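The structure displayed is predicted, hence computed values, not measured ones. Throughout, a chain's letter reflects where its sequence line sits, starting with A, and its residues are numbered from 1.
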Amino acid sequence: MVCQLLPVVKAEPPDSEAELLQRARVLAGVSLGEVAGQVGAVVPDTLLRAKGWVGMLVEKALGASAGSRAEPDFPKLGIELKTLPIDASGMPSESTFVCTVELSRIPEIEWDESRVKKKLERVLWFPVQADRQIPMSERRLGEPLLWSPAPNEEAALRFDWEELAGRISCFGTESVSAHLGQFLQVRPKAAHSRIQTRVVDGEGEPYAANPRGFYLRTAFTQALLRQHYAGMR
DNA sequence: CGCTGATCATAG
DNA sequence: CTATGATCAGCG
């Protein structure tokens, strides 16, 4: 019998939260090169032209439904997967994209029915070393965290969301810059700045604008790490 | 050198 | 075009 590496990945979607967590925990400490080998992916030298590569790799390793459907990564479980890039000092190195801003109907939406709330209801956070000094193949996954916002966290997000959404409704997308919002912010989300999408303002008037997305600031994910990973690292 | 605004890849 | 996955790049 030939020796073979223990498989650490599964292609089928997990049937339960427990199974998902179990699979995820097996990946903790594993390098991206090893994961890539397991799922037959090619490791890029840089993320310059492969920005979503790490996220897609982990999705594949955990059996998340691929594709671009507007559903959670694990539809049956209602769980969203987010990789979290970690720099040399152990802090998140980038903001976290949440979802696009529904510019075409932003004036009618309320927090409870918002995409932001929905997306963040249940998230499997997966820290990943993102220090540019570390070769891509050698970067390791951290301990996964199955998370839901605490009441105070949701309240904070809601506060930002209401300010941002309200402002877009009343004064247009141009009135909202990435400077606004303590934990949640709005930034461009498009292939490039010339792309236009239809928007309807608070008075029902249509106009065109560059698509926007909601992002979590590192202040938020940093606090999340502090609370849930205290004592390890 | 942190952060905002811009951008990259892929699927449908 | 929209959705998914994000990081890049250079200004202040």
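A cation-pi geometry, defined here as NZ or CZ lying under 6.0 Å from the six-membered ring centre and within 45° of its normal, does not hold between A:Lys82 and A:Phe126.
In the interface, the side chain of A:Glu94 is paired with the base of C:dC8 through a donor and an acceptor atom under 3.5 Å apart. Side-chain N/O atoms of A:Lys189 and base N/O atoms of C:dG5 include a donor-acceptor pair closer than 3.5 Å.
Here the options are A:Leu81, A:Val39, A:Val54, the test is side chain to side chain contact (heavy atoms under 4.5 Å, CB included), and the partner is A:Glu59; only A:Leu81 passes.
Between A:Arg23 and A:Glu12 there is no salt bridge, since none of the side-chain N atoms of the basic residue sits less than 4.0 Å from a carboxylate O of the acidic one. Looking at A:Lys118 and A:Glu113, no side-chain N of the basic residue comes within less than 4.0 Å of a carboxylate O on the acidic one, giving no salt bridge.
OP1 or OP2 of C:dT4 lies within a sub-4.0 Å distance of a side-chain N or O belonging to A:Lys119. Proximity of A:Gln196 to the phosphate of C:dC1: no side-chain N or O atom is located under 4.0 Å from OP1 or OP2. Side-chain N/O atoms of A:Thr100 include one lying less than 4.0 angstrom from OP1 or OP2 on C:dA3. Phosphate contact (OP1/OP2 of B:dT7, side-chain N/O of A:Ser193, threshold under 4.0 Å): present. The shortest distance between the side-chain N/O atoms of A:Arg49 and the OP1/OP2 oxygens of B:dT10 is not below 4.0 Å.
Mapping A:Pro72 and A:Pro211 onto DNA chain C via the closest heavy atom, the residue that lands nearer the 5' end is A:Pro211. Comparing A:Arg194 and A:Ala50 against DNA chain C, the residue whose closest nucleotide sits nearer the 5' end is A:Arg194.
Atom CG in A:Leu57 sits roughly 16 Å away from atom C1' in C:dT4 (whole-Å rounding). With rounding to whole Å, A:Phe183 atom CZ is found 14 Å from B:dT4 atom P. In this structure, the CZ atom of A:Arg217 is 20 Å from the P atom of C:dA6, given to the nearest Å. Spacing between atom CD of A:Gln185 and atom C1' of C:dT7 amounts to 14 Å, rounded to whole angstrom units.
Using a 4.0 Å heavy-atom cutoff across all strands shown, A:Thr96 reaches no nucleic acid atom at all. Within the 4.0 angstrom heavy-atom criterion, no nucleotide atom of any strand lies near A:Glu71. Looking at heavy-atom distances under 4.0 Å, A:Arg187 makes contact with a base. Nucleic acid contact for A:Ser95: base, since at least one base atom lies under 4.0 Å from a heavy atom of the residue. Residue A:Ala190 is classed as a base contact, given a heavy-atom separation below 4.0 Å to a base. Among the atoms of the strands shown, only primed sugar atoms or phosphate atoms (P, OP1, OP2) are found under 4.0 Å from some heavy atom of A:Gly55. Residue-level contact check: A:Arg132 touches the backbone only, with heavy atoms under 4.0 Å from sugar-phosphate atoms and none from bases. A:Arg115 comes within contact range of the sugar-phosphate backbone alone, with a heavy-atom separation under 4.0 Å but no base atom that close. Using a 4.0 Å heavy-atom distance criterion, A:Asp73 is classed as a sugar-phosphate-only contact.
Side-chain atoms of A:Arg217 and A:Thr96 include no donor-acceptor pair closer than 3.5 Å. Inspection of the A:Glu34 and A:Ser31 side chains reveals an N or O donor paired with an N or O acceptor under 3.5 Å.
Closest contact between the side chain of A:Tyr215 and the listed nucleotides B:dA6, C:dA9, C:dC1 involves B:dA6. Distances were taken from every side-chain heavy atom of A:Ala178 (C-beta onward) to each of B:dG5, C:dA9, C:dC1; the shortest belongs to B:dG5. Of all nucleotides listed (C:dT7, C:dC8, C:dA3), C:dA3 comes nearest to the side chain of A:Ala70.
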